[in-house]
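Labels below follow one simple rule: chain letters A, B, ... track the order of the sequence lines, proteins then strands, and each chain is numbered from 1. Predicted, not measured: the structure shown is a model, and the values here were computed from it.
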Amino acid sequence: MESIGVLMTCPPNFPYLVEELEKRFTLYKLQNAPDKTHFINSHKNSIRAVVGNAGFGADAELIEQLPKLEIVSSFSVGLDKVDLPKCKEKRIRVTNTPDVLTNDVADLAIGLMLAVLRRLCESDRYVRSGKWKKGDYKLTTKFTGKSVGIIGLGRIGMAIATRAEAFSCPISYYARTEKPDVKYRYYPSVIELAANCQILVVACALTEETHHIVNREVMNALGPKGVLINIGRGPHVDEPELVSALLEGRLGGAGLDVFEDEPNVPEPLFGLENVVLLPHVGSGTVETRKAMADLVVGNLEAHFLKKPLLTPVV
Amino acid sequence: MDTIGVLMTCPMYSYLEQELDARFNLFKLWQHSSKVDFLKTNQHKIKAIVGNTKIGADAELIDALPELEIVATFSVGLDKIDLRKCKEKGIRVTNTPDVLTDDVADLAIGLILGVLRNICACDGYVRSGKWKDADFELTTKFSGKSVGILGLGRIGAAIAKRAEAFGCSISYHSRSQKPNSNYKYFSNVIDLAKNCQILVVACALTEETQHIINQEVIDALGPKGVLINIGRGAHVDERELVSALLEGRLGGAGLDVYENEPEAPEQLLGLGNVVLLPHVGSDTIETSNAMADLVIANLEAHFDNKPLLTPVI
């Protein structure tokens, strides 16, 4: 398969994935090219696959530039950076990495909740800076038993719910449609969900409909004691509104793994002790990234061997 | 009851202080420069002590108070109370079990996630602007790892229940095997440490459990193992812990307690594979209020000649 060209549109900074692709294919690293347009032009007739990630995918423009493109294999479960209608139109297959990263992302969501409510990072800094010698840290607020509202009850949303239940948290959710076999309380709108929970978690896919699904109204409904947790995508949340809500005390706190313009994070948040800010590490463990890479490679191999794809989306 | 003298050993919670002041004749030990003189002058008035994890009721204090009837600690741990002396003198002792179980268990899970997923370092990484230059390094998964719990009491069981929701296999060591438990029992701490990836200290501090986590146990836990301590600092041989972490013989540690609070070992302050918390296990507003209410209720019950709510002795 070495003559099959694969274009990696994301930064080639995970050695295992790069090595495994290079073993099997001719790998073109777009991020390393000084002139990206020229690079694509030079290799467009060899490129039959694209590998992208949460930050860099395959938009309409790129797809149009690759006449031999057969498959887009995303190193992520989110597909917001892949132009799915265009792929459908051109009969280009699309795969992602569901399931293997579910637990890690759910773990991080709980980690963010605990870190915000119990001020774990602030407390750790308090010890390291020597302040503890001068006085005890202040009281924080309990996690167990608080109501958790989940936007999107897919694999990740369910995994978060299962964990939160072990902390005796009552669970409610919003989804496009109510899930029949689910015991959690359903709210038909995000505002009602926000008004009826203490911790609101964004766990749905990013689509045109869910852009800024957490807006000013939702944050006001969540309220001065409410906490927003975002492990979805930055654009799920109206970020300038989030910043003012936090600065004005209209929102109690936030735990964020994603931002509208990564890796840029609104600086006014840096001074806040009621937020936890993570650099998009939801699936960033050794174990899970390897499993994701295996899935990307597995899907590509299956495609070029004319076998059924492992995790097809389109 | 406001003629009954209650001695509070150190500042612990303003709400508790206020409530005690409203009901009893409250003496605050820390406000007197000469404790000896203070005790001599007031010893006959004091019928109750309210202590905590920092200052409880040792033999010396108990002996200085001939009218002492009850020690109510603002904690579940009893290691700062001379229980033998209390028994000997017929002094009642109460603590604050159950109301703080969830908070401490939550914190244990928070420490596990904090260490394995490097949450605090990641937050610092973003705030310092480093994310603009490079992604954070990969960390390690929590879900599915094996968790070993030392002490399967209320707190240990609550930690186990939470960890199970993360797909973790649970094993434990305690003085005796629990008949109704599905978890795997190990008859000694070393075997427990050998057979788990995350070891959590959740037992009471007694003479037997001093330095129960020693070099052997730490080596058995190993270079990929993580130690979580939400018990007492004295459970762990802190010097051994520090060298194990510095030498890479132990993978990481999440600590809420230390041998010499409020000092945490200097050599740990710069490490990226530890999370260091300032003994905040039960320090939420909700739980502190519940603990304070329990202390007050126990004292009131005692002086009303009613059954104590949470007696130890």
Side-chain angles (χ1 to χ4, degrees), chain A residues 11 13-14 102-104 106-108 110-112 114-115 117-121 123-145 159 162-168 257 262-265 269-270 275-281 284-289, chain B residues 11 13 101-103 105-107 109-111 113-114 116-120 122-144 158 161-167 255 261-264 268-270 274-280 283-288:
Chain A
N13 53 16
F14 185 35
T102 301
N103 287 331
D104 264 358
D107 289 357
L108 200 78
I110 302 294
L112 280 167
L114 285 163
L117 269 70
R118 297 297 294 270
R119 298 289 193 266
L120 297 181
C121 306
S123 305
D124 173 87
R125 279 189 275 271
Y126 194 77
V127 174
R128 289 180 203 255
S129 67
K131 293 201 178 101
W132 192 21
K133 298 187 202 190
K134 310 219 172 96
D136 282 343
Y137 191 73
K138 61 183 182 172
L139 297 181
T140 57
T141 183
K142 188 170 177 170
F143 173 43
T144 285
T162 305
R163 286 153 176 73
E165 277 193 290
F167 295 80
S168 309
D257 187 41
E262 295 172 17
N264 296 304
V265 174
L269 297 181
F270 293 170
V275 304
V276 175
L277 309 167
L278 304 184
H280 201 157
V281 288
T285 66
V286 170
E287 297 95 327
T288 292
R289 288 291 167 84
Chain B
Y13 187 33
T101 300
D102 288 331
D103 265 357
D106 289 357
L107 202 80
I109 301 293
L111 279 167
L113 284 162
L116 268 71
R117 297 298 294 272
N118 234 330
I119 293 179
C120 304
C122 281
D123 177 82
Y125 192 78
V126 173
R127 287 177 201 255
S128 69
K130 292 200 178 99
W131 190 21
K132 297 194 197 189
D133 298 326
D135 281 343
F136 197 81
E137 59 190 12
L138 296 183
T139 57
T140 182
K141 189 170 176 170
F142 171 35
S143 273
K161 175 181 170 209
R162 284 152 176 74
E164 277 192 295
F166 294 78
L255 310 172
E261 294 174 23
E263 311 251 338
L268 297 185
L269 302 183
V274 302
V275 176
L276 307 168
L277 302 182
H279 201 157
V280 289
D283 286 358
T284 65
I285 295 169
E286 296 94 329
T287 293
S288 296

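- Listed by chain and residue number, B/Arg162 satisfy the side-chain hydrogen bond (donor to acceptor under 3.5 Å, both in side chains) test with B/Asp102 (two or more places apart in sequence, or in another chain).
- Of the residues considered (B/Ala165, B/Gly167, B/Gly270), B/Ala165 shows the highest number of contacts with chain A, using heavy-atom pairs under 4.5 Å.
- Among B/Cys120, B/Pro278, B/Ser143, the residue with the largest count of heavy-atom pairs under 4.5 Å with chain A is B/Pro278.
- Distance CH2/B/Trp131 to CD/A/Glu262: 4.0 Å, rounded to 0.5 Å.
- Of the atoms belonging to A/Leu269, it is backbone heavy atoms, and not side-chain ones, that fall under 4.5 Å from chain B.
- For A/Val276, the parts lying near chain B are the backbone and the side chain together; criterion is any non-hydrogen pair under 4.5 Å.
- A/Asp124 contributes a side-chain N or O that, together with a main-chain N or O of B/Leu276, makes up a donor-acceptor pair within less than 3.5 Å.
- Of all the heavy atoms in A/Trp132 and B/Pro262, the pair that sits closest is CE3-O, 3.3 Å.
- Between chain B and the options A/Val286, A/Asp136, A/Asp104, heavy-atom pairs under 4.5 Å are most frequent for A/Asp104.
- Ranking B/Leu111, B/Leu116, B/Asp123 against chain A, the residue ahead of the rest is B/Asp123, based on heavy-atom pairs under 4.5 Å.
- Using a 4.5 Å cut-off between heavy atoms, A/Phe143 contacts chain B through both its backbone and its side chain.
- When all heavy atoms are compared, the tightest approach of A/Arg118 to B/Asp283 is NH2-N, 4.2 Å.
- Note: B/Leu107 CG to A/Lys142 NZ = 13.0 Å, rounded to the nearest 0.5 Å.
- Rounding to the nearest 0.5 Å places CD1 of A/Ile110 at 12.0 Å from CZ of B/Arg117.
- For the options A/Leu120, A/Leu139, A/Val127, heavy-atom pairs under 4.5 Å to chain B are most numerous at A/Leu139.
- For B/Ser288, the part sitting under 4.5 Å from any heavy atom of chain A is the side chain, from C-beta outward, and nothing else.
- Every residue meeting the side-chain contact (heavy atoms from CB on, under 4.5 Å) condition with B/Lys132, not counting sequence neighbours, appears here in chain and number order: A/Asn264, A/Glu267.
- In this structure the side chain of B/Ile109 reaches within 4.5 angstrom of the side chain of A/Leu114, judged on heavy atoms.
- The nearest pair of heavy atoms linking A/Asn103 to B/Lys141 is CB-CE, 4.1 Å.
- Contact annotation for A/Arg163: both backbone and side-chain heavy atoms come within less than 4.5 Å of a heavy atom of chain B.
- A/Ser168 places a side-chain heavy atom less than 4.5 Å from the side chain of B/Lys161.
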- Task: Step by step, work out the side-chain contact (heavy atoms from CB on, under 4.5 Å) result for A/Phe270 and B/Val126.
- Result: CA-CA 8 Å; A/Phe270 293 170; B/Val126 173; 4.1 Å; yes
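- The two atoms that bring B/Val274 and A/Arg128 nearest to each other are O-NH2, 2.7 Å, heavy atoms only.
- In this structure, chain B has no heavy atom under 4.5 Å from any part of A/Arg119.
- Proximity to chain B involves both the backbone and the side chain of A/Thr141, based on heavy atoms less than 4.5 angstrom apart.
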- Derivation and outcome, side-chain contact (heavy atoms from CB on, under 4.5 Å), residues A/Asn13 and B/Asp135: CA-CA 9 Å; A/Asn13 53 16; B/Asp135 281 343; 3.7 Å; yes
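- Contact record, A/Cys121 with B/Ile119: SG-CG2, 4.0 Å, taken as the closest heavy-atom pair.
- For the pair B/Leu138/A/Thr285, no side-chain contact is recorded, criterion being any heavy-atom separation below 4.5 Å from C-beta on.
- Proximity to chain A involves both the backbone and the side chain of B/Phe142, based on heavy atoms less than 4.5 angstrom apart.
- Between B/Thr140 and A/Glu287 the shortest heavy-atom distance is OG1-OE2, 2.8 Å.
- Residue A/Thr144 forms a side-chain hydrogen bond (donor to acceptor under 3.5 Å, both in side chains) with just one option from B/Thr284, B/Asp106, B/Asp103, and that option is B/Asp106.
- Between A/Val275 and B/Arg127 there is a side-chain heavy-atom pair separated by less than 4.5 Å.
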